[in-house]
Amino acid sequence: MPELPEVETVVRGLDSSMRGRRIIRAEVFRPNLRVPFPPDFCERIAGQAVNKVARRAKYFMVYLEDGTVVIGHLGMSGRMIVRPQDAYPLARHDHVRWQMDDGKEVVFNDARRFGLMLLADADTLEQHDLLVHLGPEPLSNHFSEDYLATELLKKKSAIKPVLMDQRLVVGVGNIYASEALFRCGIHPGQPAHLCAEQAGTLVAAIRAVLEAAIASGGSTLRDYARESGEMGYFQHQFQVYGREGKPCYACATPVARITQTGRSTFFCPSCQASITRRSRKRAACG
DNA sequence: CGGCAAACCTGCGAGC
DNA sequence: TGCTCGCAGGTTTGCC
């Protein structure tokens, strides 16, 4: 699934396609995805103009003129497709279709149905169940070195799964967790209570890899595609993700893969040498 | 409360 | 060619 850069890419495309346009008609072709659609989903959307499309964490949000907000999540395999109306037959896994007033249609397609779409009110959006527990945006000033260092001191498990906890910081998923840790030379299995110096380099690495991925239009793997149907190309810049057994670009050591909390983690055993308890005690930054 | 496995689904590539 | 198996970008739930 799309992580923050992919959702950001989709949101930018949707905003340019939908902002200021009116949704003429809304249709749902399946009663539920991860959660059931609200019973009045289509009626509350149809006929309304779109104020803007924005992102929070990995959610996209379509702001309608009457204060209703469509909250959506792409899950693992969700796509938002913008195409000319009636130019294509309904495809397998097309779950939602919005007909726009400019002759286009916006289609939500999600094979694995881990995605969701529901309605909220703009006034109380931040208090919504899905959003209220989310951590800071990684590209905002709220995600600071002090913040991360302080929060990580409370954690006992390995740093990589902790980075994927959306209550700590949003938008970092399985790919970018591995990529960020490689960039700052931290072993994914290292206990999460990093020293302040490491926390600082990690903040910078997370920002850098997410910004670079956004600049490349996100990553396209398997069934993920950009809103426009074009392909993001950041996957060609992965340093470790999906490169098990291939030489590290920095030192030629074969990239390793391990499983952490059920997810694959990729890292360079040399560049991200694990820090033993003893050597960490000796480390100057403890 | 923290941490982890399992569950939610379908599709695809690898290997036999 | 055709089957089975393992794996896939996320989040929630439930169990220790």
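Reminder, nothing fancy here: chain letters follow the sequence lines and each chain counts from 1. Nothing here was measured: the structure is a model prediction, and the numbers come from that model.
A stem is defined here as three or more consecutive Watson-Crick or G-U pairs, each with both distances under 3.5 Å; for DNA chain C these stems are B:2-8 with C:10-16, B:10-16 with C:2-8.
When heavy atoms are screened at a 4.0 angstrom cut-off, L130(A) is found touching the sugar-phosphate backbone but no base atom.
A pairwise comparison of heavy atoms in E3(A) and G171(A) identifies CB-O, 3.7 Å as the closest pair.
Listed by first then second residue, pairs satisfying salt bridge (charged side-chain N to carboxylate O under 4.0 Å, His left out) with a partner in residues 65-77 of chain A read R22(A)-E65(A), not counting sequence neighbours. Screening residues 20-51 of chain A for ring-ring contact (aromatic ring centres under 6.0 Å, His included) gives F37(A)-F41(A) as the qualifying pairs, with residues at least two apart or on separate chains. Sorted by first and then second residue, the ring-ring contact (aromatic ring centres under 6.0 Å, His included) pairs involving residues 150-171 of chain A (not counting sequence neighbours) form an empty list. Note on residues 113-132 of chain A: pairs passing salt bridge (charged side-chain N to carboxylate O under 4.0 Å, His left out), not counting sequence neighbours, are R44(A)-D121(A). For residues 260-269 of chain A, the set of pairs meeting the side chain to side chain donor-acceptor pair (under 3.5 Å) definition, not counting sequence neighbours, comprises K160(A)-T265(A), R257(A)-S264(A), Q260(A)-T265(A). Listed by first then second residue, pairs satisfying salt bridge (charged side-chain N to carboxylate O under 4.0 Å, His left out) with a partner in residues 178-194 of chain A number zero, not counting sequence neighbours. Pairs engaging residues 147-157 of chain A under the side chain to side chain donor-acceptor pair (under 3.5 Å) rule: E151(A)-K154(A) [sequence neighbours left out].
Remark: D94(A) engages R83(A), N109(A) in a side-chain hydrogen bond (donor to acceptor under 3.5 Å, both in side chains) (not counting sequence neighbours). With sequence neighbours left out, the side-chain hydrogen bond (donor to acceptor under 3.5 Å, both in side chains) criterion links Y88(A) to no other residue.
Seen from the ring of Y63(A), R19(A) does not count as a face-on cation partner, given the 6.0 Å and 45° thresholds.
Proximity of residues 113-120 of chain A to DNA chain B (heavy atom under 4.0 angstrom from any strand atom) is restricted to R113(A), F114(A).
Contact annotation: H73(A) does not reach the phosphate of dG10(C) (side-chain N/O to OP1 or OP2, under 4.0 Å). For the OP1/OP2 pair of dA8(C) and a distance below 4.0 Å, the side-chain nitrogens and oxygens of S264(A) include at least one atom meeting the criterion.
Straight-line distance from the CZ atom of R112(A) to the C1' atom of dC7(C): 9 Å, rounded to whole Å. One atom, CG of N109(A), and another, P of dG11(B), lie 10 Å apart when rounded to the nearest Å. Atom CE in M164(A) sits about 8 Å away from atom C1' in dG10(C), given to the nearest Å. One interatomic measurement links the two molecules: CE of M76(A) to C1' of dC12(B), which rounds to 13 Å at whole-angstrom precision. What separates OH of Y59(A) from P of dT11(C) is a distance of 6 Å, to the nearest Å.
When the P atom is compared between dA5(B) and dC7(C), the two are found 14 Å apart, to the nearest whole Å. Straight-line distance between the P atoms of dC9(B) and dG14(C): roughly 15 Å, to the nearest whole Å.
Note: F108(A) and F60(A) have tilted aromatic rings, judged against thresholds of 30 and 60 degrees for the angle between ring planes.
Residue Y241(A) places its side chain closer to dA8(C) than to any other of dT10(B), dT12(C), dA8(C). Nearest nucleotide to the R257(A) side chain, out of dC7(C), dT11(C), dT10(B): dC7(C).
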All N/O pairs under 3.5 Å across the protein-nucleotides 2-6 of chain B interface:
| unit_1 | atom_1 | unit_2 | atom_2 | d |
| --- | --- | --- | --- | --- |
| dG3(B) | OP1 | K156(A) | N | 2.9 |
| dG3(B) | OP1 | S157(A) | N | 3.3 |

